[in-house]
Amino acid sequence: MKFELKARRLPALQTIGMLAVVFIFGLIVSSYFFYALGNQKQQQLDRLEQKVLQQQEGLLLSELDATASYIQYMRTRTEQVLRAQSKVFVDQAVAVAESIYAESKDRLSDTEIKTLIRESLRNVRFFEGRGYLFIDDLEGMCVLLPTAPHLEGSSLYDNRDDTGHYIMRGLIDAVSNNAQQSGFSRYRWYAPSDHKLMEDKIAYVRLFEPYNWIIGAGDYLYRVENDLKQEVTRRLENFRFGDNGYISVLDLQGNTLANTALTVLSETRDVRDLHRVAIDAIMDTAASGGGIVEYSWFYPDGRGPVVKRSQVKVVPEWGWVLVAGIYPDDLAPMLAEHKATLDAQSADAVRSFVLVMVAGLLLALILALVYSRWLRRIFIRYEQDIEHQRSQLMDNSRQLELSARVFENATEGIMITDALNRILAVNPAFTEITGYSQEEAEGKNPSFMASGSHNERFYEDMWSRLMKTGRWQGEVWNRRKDGVLFPEWLSLNLVREDGDVVNHIATLSDISLSKANEKRLRYLVEYDSLTDLPNRRLLADRVDQAVHIARHNHSHLALLFVDLDRFKNVNDSLGHEVGDRLLCAVAERLTALVDDLVTVSRVGGDEFVILLSDLNHPNDAALVARDIIQHVSQPVELGGHSLTLTPSIGIALYPGDGLNFEMLFRNADAALYHAKAQGRNQYQFFTQQINDDVSRSLVMENALRKGIAEGELRLVYQPQFCMKNMRLYGVEALVRWQHPEQGLVPPDFFIGLAEETGLILELGAWVMYEACLQGQRWREEGFPDIELAVNVSALQFREELVDQIRRVLEETGFPAENLVIEVTESTLMQGASEAIGILRRLKELGVWVSLDDFGTGYSSLAYLKRFPLDKLKIDKAFISDLPHDADDSAITRAIISLAQSLSLLTVAEGVETTEQLEYLQALGCDLAQGYLLDRPLWPDDMTSRFKAEMHRQVLQDKDGS
């Protein structure tokens with residue numbers, strides 16, 4: 001067959017051979033002519049192309065150098081930007097705090113102002129939501145920390161970073177070491193992305209003087225640098241030069257960061273291979289320090305692939321590789337113009353040569369061309385058919401292989417249905433998620449997995465949007481094969497051919513874990529982790545909802561603020577673990593007392609708040625409060641201890657006591673404060689009088705604290721006289737407060753306030769030192785035998801009192817034998833055994849001890865005998881009606897007789913009439929004080945009184961002699 005085919009073609013081939021001989025000479029001559037002419041023209045074109053390429057590459061290098069300079073400039077601004085922005089936010093925060101303080105200082109207490117400032121700044125965010133404001137005081141105590149509110153109120157003074165730097169001390173130094181009372185502090189702290197790795201951080205802080213607060217804000221340097229990187233990449237994304245020029249940014253691993261090339265291209269294997277080869281070439285050039293690289297790529301509009309020449313430059317500080325390229329094909333128009341010029345120059349020579357050759361070779365050329373075109377057409381058609389078939393087979397094979405691999409190995413479930421929505425295929429991930437195999441699902445409508453959680457409207461909307469846009473995605477609840485409902489994220493896509501739907505493709509993933517994490521996070525935000533009760537945040541939401549309902553229904557609600565009396569004693573004596581278990585037990589009791597519709601919350605420490613909605617009468621709140629007092633007061637058995645705590649309760653009612661959560665919460669707290677002031681273990685409703693009393697008490701507390709610090713307190717001295725000879729025997733130091741605006745404040749008011757707030761410790765220490773110092777001055781002025789009595793409160797009467805008195809005596813030089821410490825019998829009887837030890841240490845020190853207000857308490861005579869005392873002081877309640885009141889006379893006589901039998905001196909206070917004085921002298925009382933004998937005197941007046949008494953004694957001694 002092959003021989004016959006050649007034989008049929010032999011004449012044609014022979015003819016062609018003869019014609020070829022004829023043309024061979026002409027071809028040789030023509031070839032040489034055209035070769036020489038074309039070679040010359042090509043050399044000129046090559047030189048021009050090389051020159052243009054060099055110019056373009058120079059422009060690319062200039063663009064990359066300018067970009068690198070811009071990157072270096074942005075990088076150097078990292079710390080500058082962070083410092084400037086931090087200062088702006090802190091200055092704004094301080095301005096807000098100063099504004100709140102200026103507007104509120106005359107109408108709100110410091111505590112309320114602090115709370116208002118702190119909560120106003122808590123939710124301020126910046127630096128794309130990650131920046132926040134923090135507040136600390138100069139002692140290192142955390143006041144505000146939005147990212148860790150549980151640390152608020154605790155000390156951060158000793159916190160250090162991985163270099164050993166004390167973070168809080170650095171912040172304090174920043175506001176303490178300059179006149180501006182502000183500055184920057186640099187330290188390291190754990191990065192949010194890796195809690196084991198510390199990163200550099202800069203914070204700007206500024207002192208808020210009214211409360212000595214440090215208000216600050218800052219951020220990690222690497223985060224600001226990342227922000228600047230994003231700003232640079234955004235700019236480069238939009239930067240273009242020339243018709244098709246752009247700058248790409250890659251990291252050192254070859255990942256594209258900006259200008260992600262051609263989005264118009266389909267993600268085929270050819271494109272990916274081409275992309276991988278291009279990236280490898282670029283990264284090899286970058287590893288060599290940069291330069292020119294050539295590779296195949298596409299135009300931005302998807303044309304190609306074509307050759308592309310790119311300039312590569314490395315920015316090592318950010319780990320970036322900058323790439324800018326040109327397409328040599330873009331030079332074609334310029335080269336075409338030059339080529340046209342060359343063609344015109346050689347056209348004349350070619351034309352002459354062609355005219356000579358055409359005549360002789362025309363027939364041969366025509367035959368050769370006809371033959372050539374015929375043969376070529378057959379060959380091309382044959383080759384195209386084979387190549388086309390091969391290409392289609394290869395593409396189909398690759399697509400099928402890729403699709404099968406993706407379908408089988410995808411982690412998301414994939415389901416393919418036909419035009420009637422009948423399942424054609426599912427992948428293994430679908431079986432793993434739903435429990436249904438390919439055989440069980442095939443041919444069914446996907447609705448067989450429906451959970452029933454969605455109504456028909458939901459599915460109608462889903463199909464409507466799918467048909468309009470060709471895609472839909474959202475959260476859907478479906479049912480597994482075992483019947484368990486689960487949430488899934490479902491994505492639907494339509495496949496159309498000629499406008500008709502041929503397939504539905506669904507991808508689904510199980511989001512049960514993320515839903516559970518979301519629920520857990522919501523719990524941590526809204527509930528107390530110790531007691532599982534709602535916290536203050538959730539309580540505020542529920543109160544606001546209840547207020548809205550009550551306003552709509554014209555009903556009432558109540559907020560009960562419950563505080564455990566003296567709970568601190570449990571923590572101090574038995575430890576916080578027992579305290580936490582006790583709080584859980586109280587939470588269980590409170591929850592058991594009310595129904596499920598009542599909110600019981602823990603707002604901090606030993607404080608609980610109960611929300612009662614839809615009250616018919618305020619008495620309903622009182623009934624609940626009584627039940628709480630009765631049940632919470634029952635003993636709790638914990639760790640071998642039987643613990644009994646009593647609750648104090650403050651009640652605020654809507655709408656009378658407040659129209660929102662903050663007002664009701666604050667007023668319930670004020671009512672609680674009043675309940676504690678009334679003796680604890682009771683409940684009190686809020687009234688305006690309570691609020692006024694609390695506000696006035698807070699104002700006076702701050703004024704007293706300021707008065708102690710600024711020296712507004714004074715001492716007066718009540719003279720004491722010997723009953724036998726009526727000579728001046730000693731004095732009792734009494735404290736007075738000379739308020740700059742209110743004048744002389746009664747001691748009955750501010751002494752009680754000092755004991756209630758704990759200021760009595762500071763006040764008592766000052767009185768002890770000032771009295772002994774004045775006593776030593778009198779001794780130096782010539783009055784050495786005067787006894788000085790100083791009162792000690794129950795809060796002062798502790799082991800530290802002995803060391804305090806010893807230091808005062810050493811510092812002032814006042815002798816111990818001239819000092820009398822007066823304590824009340826109720827103070828001693830609170831802890832009689834411990835009191836005996838303290839009294840003995842005082843006696844070892846050499847001071848006198850007097851039992852004040854004797855007869856008004858519940859002294860045990862057995863303990864009285866054991867107390868190492870020197871004096872009994874008869875309370876003025878028994879003196880005021882002497883000698884007419886028989887009961888007072890009998891009690892006074894018994895006290896003096898008891899004191900004499902125990903070898904104790906007796907002191908009568910409040911002697912105001914001559915009858916009282918004479919009666920006490922007759923009973924054998926040793927000492928007396930009162931307005932009849934002398935009023936309390938200021939130090940200078942007391943000095944004059946000493947001098948007059950000394951002069952009188954001198955005259956009496958002369959008369960006696």
Side-chain angles (χ1 to χ4, degrees), residues 265-272 388-519:
L265 295 178
S266 61
E267 188 62 15
T268 65
R269 183 172 179 177
D270 288 341
V271 173
R272 289 200 308 274
H388 180 68
Q389 292 176 7
R390 189 182 69 84
S391 177
Q392 282 187 333
L393 290 175
M394 291 295 295
D395 288 343
N396 292 340
S397 176
R398 283 195 296 267
Q399 290 294 336
L400 289 173
E401 182 182 354
L402 177 61
S403 298
R405 190 160 54 246
V406 171
F407 187 76
E408 292 295 326
N409 298 319
T411 58
E412 294 181 327
I414 302 177
M415 175 178 61
I416 302 175
T417 66
D418 59 16
L420 299 178
N421 204 28
R422 291 174 301 200
I423 297 176
L424 299 176
V426 296
N427 69 342
F430 174 91
T431 300
E432 182 178 350
I433 292 174
T434 65
Y436 292 101
S437 65
Q438 168 78 27
E439 294 75 13
E440 293 171 325
E442 189 172 357
K444 294 182 180 180
N445 190 292
S447 61
F448 78 96
M449 296 183 294
S451 64
S453 302
H454 306 289
N455 55 27
E456 293 183 3
R457 179 66 180 273
F458 173 83
Y459 291 107
E460 289 175 358
D461 180 67
M462 179 183 74
W463 281 103
S464 174
R465 292 176 59 185
L466 178 63
M467 298 306 294
K468 287 181 180 178
T469 64
R471 63 186 62 196
W472 181 91
Q473 63 179 1
E475 181 180 320
V476 177
W477 282 84
N478 271 339
R479 188 182 304 275
R480 292 190 175 95
K481 183 179 178 180
D482 57 8
V484 176
L485 299 182
F486 72 101
E488 67 180 24
W489 185 258
L490 178 64
S491 296
L492 299 175
N493 289 274
L494 294 182
V495 179
R496 297 178 185 269
E497 288 184 3
D498 299 328
D500 296 328
V501 176
V502 294
N503 291 109
H504 306 85
I505 300 178
T507 59
L508 56 97
S509 57
D510 188 348
I511 58 174
S512 301
L513 181 59
S514 61
K515 298 285 285 186
N517 291 337
E518 179 183 346
K519 182 178 180 181

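Not measured: the values here are computed from a predicted model.
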Inset, instruction - Provide the closest heavy-atom pair for Thr434 versus Phe486 in the form atom of the first, atom of the second, distance. - result: CG2-CZ, 4.4 Å

Legend entry - Closest non-hydrogen atom pair, Gln438 against Leu424: NE2-O, 3.1 Å

Inset, instruction - Work out which heavy atom in Ser437 is nearest to a heavy atom in Thr431; give both atom names and the distance. - result: CA-OG1, 3.7 Å

Inset, instruction - Hey, could you give me the CG/NE2 distance between Asn478 and His454, rounded to the nearest 0.5 Å? - result: 7.0 Å

Legend entry - Ile505 side, atom CD1; Leu494 side, atom CG - distance, nearest 0.5 Å: 9.5 Å

Inset, instruction - Determine whether Tyr436 and Ile423 make a side-chain contact, defined as any pair of heavy atoms from C-beta on separated by less than 4.5 Å. - result: no

Legend entry - Which atom of Ala429 lies closest to which atom of Glu412, heavy atoms considered: CB-O, 3.4 Å

Legend entry - Glu475 CD: over 12 foreign heavy atoms closer than 6.0 Å: yes

Legend entry - Pairs where residues 458-467 contributes a residue and the test side chain to side chain donor-acceptor pair (under 3.5 Å) is met, not counting sequence neighbours: none

Legend entry - Exercise: identify the closest heavy-atom pair between Gly413 and Ile433: N-CD1, 3.8 Å

Legend entry - Distance, nearest 0.5 Å, that separates CG of Asn421 from CG of Asn503: 10.5 Å

Inset, instruction - Check side-chain contact (heavy atoms from CB on, under 4.5 Å) between Gln473 and all other residues, then give those that pass, not counting sequence neighbours. - result: Trp489, Ser491

Legend entry - Greater than 12 external heavy atoms within 6.0 Å of Arg496's CZ: yes

Inset, instruction - Hey, could you give me the CG/OG1 distance between Leu490 and Thr507, rounded to the nearest 0.5 Å? - result: 7.0 Å

